[in-house]
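Heads up, the thing below is written out as C-alpha cells.
Just so you know, these numbers come straight off a predicted model, no measurement behind them. Position 1 is the first residue of the sequence, and the numbers go up from there.
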Amino acid sequence: MVNPLEVPPYLLQPLIPSVTAGTVTCAQAFGSEIYVGCSNGELLRYALQPDADPTKLDAYTLLSQQSHPSGKQIDELILIPCIARALILCDRQFHVYTLPSLDLAPNTKSIRNVEALAVDHNHLQRPAATSLTTRATSTSTNLPTERGKSDSVDLCVIKRSTIATYSLSEEKLTFTREIPFRSGALLARRSGHHLCIATADIYSVIDLATAQMFELLPVTQVEGTAGTIKPHILVISPSEFLLLSWTGGSTLGLFITGDGDPVRGTLEWPAHPVSVCLDYPYLTTLLPNSTIEVHSIETQAIIQVLPAPDFGEGGRPGLVSCLAGYAAPSSERWDKMRKVKVGLVRSGKVGLKMDDKKVLDEGQNEKIDEVEKEKDADVPSVSI
C-alpha cells in the first residue's frame, strides 16, 4: 500500500517555461542561477527572482544574454564553483569565463582543436568560492557557505592525437604535460589520476601518472553498429566509473574502477539511454520511450519511473546533472502537508484539546486512551 505522505526521490518542476533566443543545446545551474547554451552561440543567464505576490512562487527570469564570437553551437558548459569559473566548449574551442557574470576570464586564452574536455570530478565537488556562496546565501537557496578553496583545478583537453593536461586557477590557465593518444575521442571523464575516454567503438582508461592506457569494454557489442551508439561515462566515486554498453537487445551498465576491476552489480535497460545522470545514491536515465528511470546505486533496483516532459514536435529532452545543487521553487509537496493537533505542556503535564461537539469513532477513542496513559507517565505526545 502506498503511503500518501511519502515523497518520492524526484518531482518534475518547470523552471524556465520557454527559451526564445535559440535551441537549447546545453545547460548548467548553481545556487539561484541557470546558465544556458544555444545552437546559435547564444549564452543565457537566468536568476531566481522573488515574486511581489507572497502567495506566488519565485521564478527564474533572464538576467543577461550574450553571443559567442563564433556564432556556432555551444556544445558543453562546465561550471567550476570553487574558483568561480565556467568552461565553454564551442566550435572545437574551449574558453574560460567568470562566474556568475559570464565574462571572459583574464589571463586565459582559448584552446583550439578540442575533441573532448574532462575536469577532475573530485575538484568539481569542492566548496564554492566565497563570492558565489555569499550570493547564494543572500537569495536563500540553503546552499553550503563554506569558503571555497583557491587550489588549482586539474583538467584534460583531448585533441586529435594527444591529451593535454592543464591546471586552472582564478589567476591563469597553465599547461602541465602532453600524452600521445589516438584520434576519435567522443567523450571523456576524469577522476583523480584516472581518465576514462570513449571513442565510437571502445572505452579506455588512462593512468595520467604513468601515461599507461588499457581498453575496458566496447561501446556496442553488435558488429557494424560502432558510431551509431552514444557512449556514456559517469564518475560514481573516486576512481570508479559507470560505463554503458549496448548488447543488441538491451544496454548493460558496468561499474569499473580506474584499474579496470568490476565492482558492485550490473544495471540493465531495455533500450539504450538518451541521457544518464548521477545524483548519489540515485542514477537517473532518460530512455527513448520518453520515460525516466531512477535506480539505486547501492542495490541497482528501480526506485521510481517518471514520464519525461513533453517539449512538443522537434523537442529533444535530455538530463543534466548539476553537482553543486540549485534552487527549484515548487508547490508539489504542499499537498503532502496537513494540520496536526499537538499536545501542549502545562505544569509538566501534557494536555490534549479536543472538540467536544465532534463525535469520536472507536479508533479516535483508543487514541485518547493512549494519550491519557502518556499524561499519567509525564511523557509528551503528538497526535497526528
Side-chain angles (χ1 to χ4, degrees), residues 8-17 19 24-38 43-49 58-63 74-89 97-102 117-129 131-133 135-137 139-146 148 153 155 187 189-191 232-237 242 273-286 292 294-295 297 304 306 308-309 316-330 332:
Y10 294 98
L11 297 169
L12 293 177
Q13 171 65 34
L15 297 179
I16 302 174
V19 176
V24 175
T25 55
C26 57
Q28 273 293 320
F30 170 75
S32 59
E33 302 202 352
I34 297 177
Y35 304 89
V36 178
C38 299
L43 284 169
L44 312 177
R45 176 189 173 197
Y46 291 83
L48 187 63
Q49 304 292 344
D58 299 346
Y60 279 95
T61 58
L62 183 63
L63 200 62
I74 307 297
D75 296 310
E76 191 171 5
L77 202 163
I78 304 173
L79 303 185
I80 312 179
C82 65
I83 56 173
R85 293 292 183 267
L87 304 185
I88 293 177
L89 182 60
Y97 285 73
T98 62
L99 290 178
S101 60
L102 282 186
L117 189 62
V119 181
D120 190 336
H121 187 83
N122 303 323
H123 294 177
L124 291 175
Q125 294 179 304
R126 289 174 177 170
S131 58
L132 296 181
T133 55
R135 179 180 178 84
T137 305
T139 51
S140 302
T141 56
N142 296 323
L143 295 173
T145 57
E146 181 181 347
V153 171
L155 59 99
L187 178 67
R189 292 291 181 265
R190 176 175 175 175
S191 179
H232 294 285
I233 306 172
L234 287 182
V235 177
I236 302 300
S237 63
L242 173 66
V274 177
S275 303
V276 185
C277 289
L278 174 69
D279 181 21
Y280 201 89
Y282 302 113
L283 184 78
T284 59
T285 52
L286 173 63
I292 299 173
V294 181
H295 285 80
I297 291 292
Q304 185 182 9
L306 295 166
R316 295 183 299 173
L319 298 179
V320 177
S321 178
C322 302
L323 294 178
Y326 60 94
S330 174
E332 291 292 333

What distance separates L306 CG from L12 CG, expressed to the nearest 0.5 Å?
5.0 Å

Reported CG-to-OH distance for the pair L15 and Y60, which is rounded to 0.5 angstrom:
6.0 Å

Measure from the side-chain N and O atoms of S321 to the backbone N and O of C277, and report whether any donor-acceptor pair falls under 3.5 Å.
no

Is a side-chain donor or acceptor of T25 paired with a backbone partner of G37 at a separation under 3.5 angstrom?
yes

If I take atom CG from residue L102 and atom CZ from residue R85, how far apart are they, to the nearest 0.5 angstrom?
11.5 Å

I78 side chain reached by Q28 side chain, heavy atoms, under 4.5 Å
no

For the pair Q13 (side chain) and A328 (backbone), establish whether a donor and an acceptor sit closer than 3.5 Å, ignoring hydrogens and angles.
no

Of the non-hydrogen atoms in L319 and L286, which two are nearest, and what is the gap between them?
CD1-N, 3.5 Å

Shortest non-hydrogen pair, Y35 vs L79, comes out as CD1-CD1, 3.9 Å

Any chance you could measure L62, atom CG, to Q49, atom CD, to the nearest 0.5 Å?
10.5 Å

Taking all non-hydrogen atoms of both residues, which atom of A86 and which atom of L99 are closest, and how far apart?
CB-CD2, 3.9 Å

Do L278 and L242 come close enough that some side-chain heavy atom pair is under 4.5 Å?
no

Are side-chain heavy atoms of L48 and E33 found at a separation under 4.5 Å?
no

Would you mind reporting whether V19 and Y46 have side-chain heavy atoms less than 4.5 Å apart?
yes

Which distance, rounded to the nearest 0.5 Å, do you find between the CD1 of I80 and the NE2 of H123?
10.5 Å

Nearest heavy-atom approach of R189 to L117 is NH1-O, 4.3 Å

Closest heavy-atom pair, C82 versus R126, reported as atoms and distance to 0.1 Å, is CB-CB, 3.7 Å

I'd like to know if the side chain of S275 and the backbone of G318 have a donor-acceptor N/O pair within less than 3.5 Å.
no

What are the two closest non-hydrogen atoms of Y10 and Q304, and how far apart are they?
O-NE2, 2.9 Å

Interatomic distance, OH@Y97 vs CG@L77, rounded to 0.5 Å, equals 9.5 Å

So among L63, I74, V36, V24, which one has a side chain to side chain contact (heavy atoms under 4.5 Å, CB included) with L44?
V36

